[in-house]
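Computation of the quantities below employed the complete heavy-atom set of this structure, encompassing side-chain atoms and omitting hydrogens, waters and symmetry-equivalent molecules. Labels below follow one simple rule: chain letters A, B, ... track the order of the sequence lines, proteins then strands, and each chain is numbered from 1.
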There are 2 protein chains.
Amino acid sequence: MPTPGEILNLFPFFDETGLGSFIGSVTKIPAGACAFMEGDYSIHVAFIAKGALRVVKTGESGREIVLYKVLPGESCILQLSSVLSGVGYPATAIVEHDVEAIMVPVERFKQSINESQFLRNFVYGSFTKRIAWMMSLIEEVAFKRMDVRLIELLLSRTSPEQPELNMTHERIALELGTAREVISRLLKNLEHDALVELARGKVTIINRNGLDAILPDR
Amino acid sequence: MPTPGEILNLFPFFDETGLGSFIGSVTKIPAGACAFMEGDYSIHVAFIAKGALRVVKTGESGREIVLYKVLPGESCILQLSSVLSGVGYPATAIVEHDVEAIMVPVERFKQSINESQFLRNFVYGSFTKRIAWMMSLIEEVAFKRMDVRLIELLLSRTSPEQPELNMTHERIALELGTAREVISRLLKNLEHDALVELARGKVTIINRNGLDAILPDR
DNA sequence: CAGGAAAAGTGACTTTGTCACTGACTCTGA
DNA sequence: TCAGAGTCAGTGACAAAGTCACTTTTCCTG
C-alpha cells in the first residue's frame, strides 16, 4: 500500500487541486483483470500508484497489439480523452501487474481540471507523451522488419545481469502485433546463430552484442 | 479569403477568448509547401480556415505514411501537443490544398487556454479525435490486408457521381504506407476483374458494388 | 518532334502472415 | 504415479506483401 507521501511524489499536483482527500482511498485490481473494455464509459479517472496496465487493441481476426503501458505516476490518456469528451473508451486495458490506483470521480476530475493549471499540465503532458509514442508505434508497425522489432524487445526487456526473459512466444507475438509462428521462426533463427537460448516460456540472451549488431546502424 | 463570420462558424470560441483580434490576420500557405518539419518548434498555433494539411511520418527507408489530415475548423494536435509541453514537433506536415490559417502566437495561446474553458474543450476534443483516429490507423496497419485498405481508399475518395480518382500509384502508396509496386499490382488485379479502369495518374471505379463485395462482411 | 521526366509495369526473390497440423512439456487429481 | 488435459512450441505449405533492379509507356516542353 503506497503511503500518501509516495503518492504525492508520483502526482505532485494532488494537494493543490483539492483532490488530496482521495489519496487515502486506494483501489486495488489484481493482475489479469480487465480494467476497461472497448466501448466502456468511465465514471472515474484512475491515477496509477503501483503496478501496470497494458492497453491493447484487438483486430477482428483476434490478433492483438499492445498500444502502450501505464505505469505508476501515470494515467491512461484513453481514459482522460474518453472522460473529457464523453466518448466510449476506444481499446481494452488489462492489468499486467497488480494495480493500486486512486480513483477520482469524473465530475470531481472535471471540476479540478478547470481550476488547476497543474492538473492541466499533467494532462497535456500525458497526451503529448502518448501521442509521440503512438506515432513511433505506427512507424514501427508500418516500416520496421519483424526481426528488428523482436530484437529490440528482447534487448529492452533484459540486461547483461538479467538475460532471461520469461515470456511465451504467444505473449511476445501479442506485444508486437504479429502471429506466434512468426516469433517462433525468428527466435529459432536467433537460436541457430547462438544468440539466444530457448526454453518453454523463456528466452535467454547469450550474445547481446551479436543481437545488437543485427539492428540497423544508428 | 474567409470572412470573420465564417471563421467564427468554424471556431466559435474565438470571440470569448480574447483571440478575436487575430481573426483579421490570415496567413496563406501554398499547396506543396512544408508547414512543419519533424523536430521543429512552433511559435504559433495554427487554426485552419481553408485548405488542408497532410501530416506524414517518414521511415528511414524513405517510405511514408499519412497519419491524418487537418481540415478547416481543425487544428493540428501535434502542434498543440508540441506547444503545450515544449517538445519538438514529431512529424512532418505538408500543405495539400492551399491553406489559409489564423496564427496565434504561442504565449497568447497559452494564456487563453488558461482562461477559456471553451478553448480547452476544443483542445480536448482535438486530442480525442486524433487519438481515436491514430488507434484505428494502428489497427489498420497492423491487421488489415493491403487490398482491403486500398479498396476502402478508392471507395471513400470517389462516389457514384464522381468515380474518378486522380492520384498516381505512388501517391496512393504513400497514403497507405506501402510501396508503389504493391499498389500497381493490386490495381492491376482489380482492373483484370473489371472493377476499375486505369490511366496515367487516374483510377476510375467502374463497379462500386463489386469492390464493396470484396470487403469483409460488416 | 526529340529528349527527358514522371508514371507504371515486370520478374525474381525475401519476409511476413495463415492454416492445419504434430509433438513436447507440465500440472493435477484419481 | 501416471493419465489425460492444457499449454507451449515446431513444421511445412502456401498466400500476401515488400524489395530490387530493371524496362516500358506517357506526357510534356523547349
Within residues 70-88 of chain B or reaching into it, pairs that qualify as salt bridge (Lys or Arg N to Asp or Glu O under 4.0 Å) - sequence neighbours excluded: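 Counting only pairs at least two positions apart or across chains, the salt bridge (Lys or Arg N to Asp or Glu O under 4.0 Å) contacts touching residues 70-88 of chain B are B:Glu74-B:Lys129, B:Glu74-B:Arg130.
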
Carboxylate-amine/guanidinium contact B:Glu64 B:Lys57, below 4.0 Å: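 Salt bridge between B:Glu64 and B:Lys57, a charged N being under 4.0 Å from a carboxylate O: no.
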
Pair B:Glu175 + B:Arg157: basic N to acidic O under 4.0 Å: yes

Start and end of chain A contact along DNA chain C [non-hydrogen atoms, under 4.0 Å]: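 Going 5' to 3' along DNA chain C, contacts run C:dT15 to C:dT26.
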
Using whole Å, report how far [atom1] of [X] lies from [atom2] of [N].
{"X": "B:Leu176", "N": "D:dA16", "atom1": "CG", "atom2": "C1'", "value": "15 Å"}
{"X": "A:Met146", "N": "D:dA16", "atom1": "CE", "atom2": "C1'", "value": "16 Å"}
{"X": "B:Ile214", "N": "D:dA16", "atom1": "CD1", "atom2": "C1'", "value": "15 Å"}
{"X": "B:Glu64", "N": "D:dG18", "atom1": "CD", "atom2": "P", "value": "16 Å"}
{"X": "B:Arg145", "N": "D:dA15", "atom1": "CZ", "atom2": "P", "value": "12 Å"}
{"X": "A:Asn189", "N": "D:dG10", "atom1": "CG", "atom2": "P", "value": "11 Å"}
{"X": "A:Glu191", "N": "D:dA9", "atom1": "CD", "atom2": "P", "value": "12 Å"}
{"X": "A:Leu198", "N": "D:dC8", "atom1": "CG", "atom2": "C1'", "value": "12 Å"}

Pair B:Ser159, B:Arg208: side-chain N/O donor-acceptor within cut-off below 3.5 Å: no

Closest non-hydrogen atom pair between B:Glu139 and A:Gly59, with its separation: OE2-CA, 3.9 Å

Contact nearer the 5' end of DNA chain D, comparing B:Asp147 with A:Thr168: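 Between the two, 5'-proximity favours A:Thr168.
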
Using distance only, find each side-chain donor-acceptor pair of residues 24-34 of chain B under 3.5 Å and give its atom names and separation, not counting sequence neighbours.
residue : atom : partner : partner atom : Å
B:Ser25 : OG   : B:Phe22 : O            : 3.0

Criterion side chain to side chain contact (heavy atoms under 4.5 Å, CB included) on A:Glu152 and A:Lys144, from CA distance to verdict: CA-CA 11 Å; A:Glu152 284 174 350; A:Lys144 278 202 194 164; 3.1 Å; yes

Protein proximity profile, nucleotides 20-30 of chain D - base contact B, sugar-phosphate-only contact S, no contact -, cut-off 4.0 Å on heavy atoms: BB---BBS---

Under 4.0 angstrom between B:Thr178 side-chain N/O and D:dA17 OP1 or OP2: no

Phosphate contact (D:dG10 OP1 or OP2) by A:Lys188 side-chain N/O below 4.0 Å: yes

With sequence neighbours excluded, residues passing salt bridge (Lys or Arg N to Asp or Glu O under 4.0 Å) with A:Glu96: A:Arg54, A:Lys69

Pairwise 5' ranking along DNA chain C for B:Gly201 and A:Val182, keeping only the more 5' one: B:Gly201

Ring pair (Phe, Tyr, Trp, His ring centres under 6.0 Å) pairs, two or more places apart, involving residues 169-213 of chain A: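 Every candidate ring pair (Phe, Tyr, Trp, His ring centres under 6.0 Å) pair involving residues 169-213 of chain A fails, so no pair, neighbours aside, qualifies.
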
Sugar-phosphate only, base, or nothing, as touched by B:Ala199 at under 4.0 Å among non-hydrogen atoms: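 B:Ala199: backbone/sugar contact only, no base atoms under 4.0 Å.
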
